[in-house]
Structure formats: structure tokens, C-alpha cells
Protein chains: 2
Amino acid sequence: MTAGLFERIDRPRRLPDEIARSISEAIASGQLKPGERLPTEQSLSAQFGVARTVVREAVSLLKYDGIIDSKRGVGAFVSEPAARSAFRISAACFEKRRQLIQLLELRTGVQAEASALAAVARSQRDLTRIARYLAEMADATEEGPDYAAQRLDAEDAFYRAIAESSGNTYYVEFVGMIERNVSENLRSVAIKNAMASEWGREVLEEHRVVYQALDAGDAERARLATRNHFERAAQRLANRADIADV
Amino acid sequence: MTAGLFERIDRPRRLPDEIARSISEAIASGQLKPGERLPTEQSLSAQFGVARTVVREAVSLLKYDGIIDSKRGVGAFVSEPAARSAFRISAACFEKRRQLIQLLELRTGVQAEASALAAVARSQRDLTRIARYLAEMADATEEGPDYAAQRLDAEDAFYRAIAESSGNTYYVEFVGMIERNVSENLRSVAIKNAMASEWGREVLEEHRVVYQALDAGDAERARLATRNHFERAAQRLANRADIADV
DNA sequence: ATAAAACAGTTGTCAGACAAAAGATTTCAT
DNA sequence: ATGAAATCTTTTGTCTGACAACTGTTTTAT
């Protein structure tokens, strides 16, 4: 590791924050590439001229952000860009029912826009991939023991693929963040089964309309169809009285 | 401070993460109210049965999230809910020009949806507030030394007020997050002046159309008008070759 | 009574040590 | 020679104790 990799700080505010900022800039500028190993904490503390505890706090922040990952006995590594998410939902946001519904409402808007973008930006390759997930949803009938989970997974994959086809990474990241948060709060199997039980032919039809709009390259129709699905989904969820505040 | 405020942990994975989680749950459940002071780090380390360094890392994470705030020589305090934001954009997202444009694209979609919601949800009170910001933009002519900043501030306030009128706190938080991030990356005065110089009568007209749609309660028109403005704004920004990669 | 000085409590930082985990190396039985 | 087991080395994770910097309070001097 070269000597002057990091800018020497002159202790302005909070040391760990400055260190974290310096390291993340070293990553941003490409001096530290994904997969590469960071200097050891001892080395970093020497380079920055601070105690190891300070370096540890800084590294802890970056780990929290998913920018780096550390393994005891091995070292800390720069995460792959795919693994780090641009958006994080704060731990302060609790799993209250009303907030969950608002979050779904937000997702509705974002997902609809992603569909609109994807309608014009999607490649043929994207389209076949999206079609595959649609087929997966259709095929997931009541055979397996956890067909409910299969359906929901395929549905998530379907809309994630659409976001990816939009060509805007932020849509992908954002949808991913919401999805993670929602599925964390909805991790109860009972709830998932309840949601899946609502799954009728008409829901599959909602997805199919979205797909057709993407196929046709019709942005406006894709937007409407997507919004239609998520609004109905939110309504179905809201109507279920058995999903209480967690 | 009562004895059993926090659940005693049984050291499963990463100690600081568990501590942070435990504390944030104590806040979530209302055991620690906003403005209240946390136990001292020494006390916490005793209660959890870990070293102070571990507690410090945990507190550091929560500070990073804006959930708590600490002052040397005084203590750590639970932040007011208003001060903590639901969404955070990761430090891994750098100020590259292309990413900035993608972020604006995402904002377009979100803001358009917020307008659509606000068109039906806004109260008369909301409307007059939004009108005030519109007037502020119109009044900010070339008198003051920083009329450019005034215009941009008023514009931000205008669309923030619309998001607030939607009744969905997540839209507010999300717009706020993007706004913070964008303005951080665009903090150069030169850039702001450049953007403001593009400010013609037609831009004000774009905002006015949005307002009229909100006034009329026309969700679809509000959506279109908002999207129209942000798409044009992104285009204006993209066309400026003098805004280089930072 | 007021201003300065000492005090106590808390966070921020430092230094050194040991524990735990993973990889690299050596040893040893076959 | 070979494969497995034991040992060593490196690095992160945690612990301990100490001091520095800051703040609010109390005491003291004028």
C-alpha cells in the first residue's frame, strides 16, 4: 500500500466521520477497487495518525452502509457495487401498519415510473427475462408446499426486472430498498399465505397488462397498468384486518 | 434510569449492531422519548455487559442515522422525530455527473406522483402555502445579491410543500433526501448561478401550471405538469457542458 | 452581588492487551 | 511422497484503563 493514499486529516470535527469520508472517497475515486482489501486497522491508524478505536468506528460506519465488509482474521474488503445499496431506510422507521401502507404507496409511484421508463428503454433481452418471471407466477399453482412464497418471489423478481430495464440504477436501488424493508416487516409466513390466498386470476391479469404495455413500448399504458396493480395490492392489504401492528 | 430498560443480549453476531438495535428499539417503543438523555456510555456498557468501545460503536451508528445526537461533556440525546430522516443516501454514491442526472430522473417520478396525490389530498391551507412559494419565485427578480439562491430555495420549498400536501410522509422524506443530496453536489455557487441564469419566464410558467392543476384538483394534470418541469430541468442541466464531474 | 476559579460528570481519544477466527506453514504418521 | 493434523501468523473483535476536552454547577474571591 502506497504511503499517501489517504489525505491526512487535520482533526476538524468528529474524527471517525472524517476517516470514513476519506476512505469512501478513496473508494469513489477508484484508488480502492471493489474486492480489494483495505489496509489493516493498525496501518490505517498509523496513516491517519489516530487511534485504532477511531479507525474502527469509521470502518463500522462504512460497514453499516454496506460499502465495505470485514471478516475477522482476514481483513476488510471493498464491497462489490452490486452489493452496496444507494438508499437505506433508517432504523428509526418502525413497522407500524400505517407507515407500511404509506411505504407501499410510495412504491406505487416509483414502480409506475420505472415501468414507464422501461417501456421505451427495455431491450428484447430484458423483455424475455420479464416474461420468464411472468410465466413463473402463472406456473406457481397449488402444488408445492410453499407456492405462496414462490408466487411472491416471482412477483418481486418481475418488478425488479422491470426496474432494471429502465436503465436507471437509482430506480433499481430504490425498489430494492423498499422491497427489503417491506419483506422484513411482512416476514410472517401467515401474512404471506394470507396475501397469496388473495391471489386470483385477476391479479395475474394485472401483471400481464403491464407486460403487454412493455412489449408494445407504450410508456403511458405501462405506467397506468403498474399503478393499477400496486394500488389494488395496497387495497387488498389494507382490507385485511388480520394484519395488525407488529 | 430503571434497571431492565434494555434486553440483555447474548452475543450472537456483531455486538455493536445488537446494541444499536436494542437501543433503537427502546426508542421505537417509547421507553426513550425524543429529547431525553440516554444513560451514560459507562452505564450502558455495564447494563449490556460489554466494553465501552462496543457501546461507542453502537451509538456511533445511531448518530450516523440521525436517531440520536451527542455532545461532549453533556451526553447523548434522542433526536426529535423531525430531525431524523427515514431515508438516507449512502456515502457510496458519488457525485458523478451521470449519477446526478439519474437521481434527478428518479426525483421526477417521485415528485410527479406526489403532485398527483396532493391534487386530491391538499387542503385549502396547503394551497395557499404553495401559492406563497410560487409568488416568492416570481418576486425574486434581479434585485438582491443572491436572487439566484432565493429562486432555487423558493423552488425547493414549493415542491416540498406539494409533497407535504400529499399526506404521505414518505414522499416528504424521500424528496427531502434527494434534495439534500442534490444540493450537496450542486453546492457550488457558480453552478447555482448558471442554473438560475436559465431561469426564464417559461420556467415560472411550468410551476404555475402545476399549481393550477393542484388548485383544480386534477391529479393527472398535476402529474403531467410536474413531470414536464423536472424533465425540462434535467435537460437544461444536461445541456450545460460547464458542469463537470466533481 | 458578581465575576472568576475550582469541581465533577460525560463524551472523545489514546494506548496496550488478549480473544477469536481464518489462512499459511510446518510436522508427522502412513 | 502424501495427506492430515498441529502450529504459527495475521487480522479483526473485544476488553481495560487512562487521559484530554468540553459543559454545567458549585464554590470562592473581590
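Because only heavy atoms are used, hydrogens play no part in the values below, and waters and symmetry mates are left out as well, while side chains stay in. Below, read A as the first sequence line, B as the second, and so on, with proteins coming before strands; counting in each chain starts at 1.
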Go through the structure and list residues passing side-chain contact (heavy atoms from CB on, under 4.5 Å) with S60(B), not counting sequence neighbours. E57(A), L61(A)

Find every protein N or O atom lying less than 3.5 Å from an N or O atom of nucleotides 15-18 of chain C, and list the pairs.
{"residue": "dA17(C)", "atom": "N6", "partner": "R52(A)", "partner atom": "NH2", "Å": "3.3"}

Counting side-chain heavy atoms from CB outward, which of dT11(C), dT12(D), dT13(C) is closest to R56(A)? dT12(D)

Can you figure out which of dT13(C), dG12(C), dT14(D) approaches the side chain of V54(B) most closely? dT14(D)

In whole angstroms, how far is the [atom2] atom of [N] from the [atom1] atom of [X]?
{"X": "E41(B)", "N": "dG9(C)", "atom1": "CD", "atom2": "C1'", "answer": "13 Å"}
{"X": "F48(A)", "N": "dT13(C)", "atom1": "CZ", "atom2": "P", "answer": "14 Å"}
{"X": "E57(A)", "N": "dT11(C)", "atom1": "CD", "atom2": "C1'", "answer": "11 Å"}
{"X": "D17(A)", "N": "dT13(C)", "atom1": "CG", "atom2": "C1'", "answer": "14 Å"}
{"X": "L38(A)", "N": "dT11(D)", "atom1": "CG", "atom2": "C1'", "answer": "13 Å"}
{"X": "Q42(B)", "N": "dG17(D)", "atom1": "CD", "atom2": "C1'", "answer": "11 Å"}

Would you find a donor on one side and an acceptor on the other, under 3.5 Å apart, between the side chain of S79(A) and the backbone of G66(A)? yes

Between the main-chain N or O of E18(B) and the side-chain N or O of S22(B), is there a donor-acceptor pair closer than 3.5 Å? no

Using a cutoff of under 3.5 Å, can you pull out all pairs of nitrogen or oxygen atoms linking the protein to nucleotides 3-6 of chain C, with atom names and distances?
none

Toward the 5' end of DNA chain C, which comes first, P16(A) or T40(B), by nearest nucleotide? T40(B)

At what angle, to 10 degrees, do the two end axes of the helix from dA1(C)-dT30(D) to dT30(C)-dA1(D) meet, given five pairs define each axis? 30°

Side chains of I23(B) and I19(B): does their closest heavy-atom pair fall under 4.5 Å? yes

Flag the pair Q31(B) / E25(B) as yes when at least one side-chain heavy-atom distance between them is below 4.5 Å, and no otherwise. no

Compute whether any side-chain donor of one residue and acceptor of the other, for D65(B) and Y64(A), lie under 3.5 angstrom apart. yes

Measuring from atom CD of E36(A) to atom CD1 of I27(A), what distance do you get when rounded to the nearest 0.5 angstrom? 9.5 Å

With rounding to the nearest 0.5 Å, note down the distance linking CZ in F174(B) to CG in L106(A). 6.5 Å

Suppose we screen for salt bridge (Lys or Arg N to Asp or Glu O under 4.0 Å). Which residues come up paired with E41(B), at least two apart in sequence or across chains? R52(B), R56(B)

List the steps and the verdict of side chain to side chain contact (heavy atoms under 4.5 Å, CB included) for Y159(A) and F230(A). CA-CA 11 Å; Y159(A) 286 102; F230(A) 279 98; 3.8 Å; yes

Side chain to side chain contact (heavy atoms under 4.5 Å, CB included) between N168(B) and V172(B), intermediate numbers included: CA-CA 7 Å; N168(B) 186 324; V172(B) 182; over 6 Å; no

Determine, step by step, whether R107(A) and V175(A) satisfy the side chain to side chain contact (heavy atoms under 4.5 Å, CB included) criterion, reporting the C-alpha distance in whole Å, the side-chain angles of both residues, the deciding distance to 0.1 Å, and the verdict. CA-CA 7 Å; R107(A) 182 182 184 181; V175(A) 168; 4.2 Å; yes

Mind listing the closest non-hydrogen atom pair of P39(B) and S43(B) along with its distance? CB-OG, 3.6 Å

Between L32(B) and F77(B), does a side chain to side chain contact (heavy atoms under 4.5 Å, CB included) hold up when you go through it step by step? CA-CA 9 Å; L32(B) 282 170; F77(B) 300 84; over 6 Å; no

Stretch residues 68-76 of chain A: residues that reach within less than 4.0 Å of DNA chain C through a heavy atom: R72(A), G73(A), V74(A)

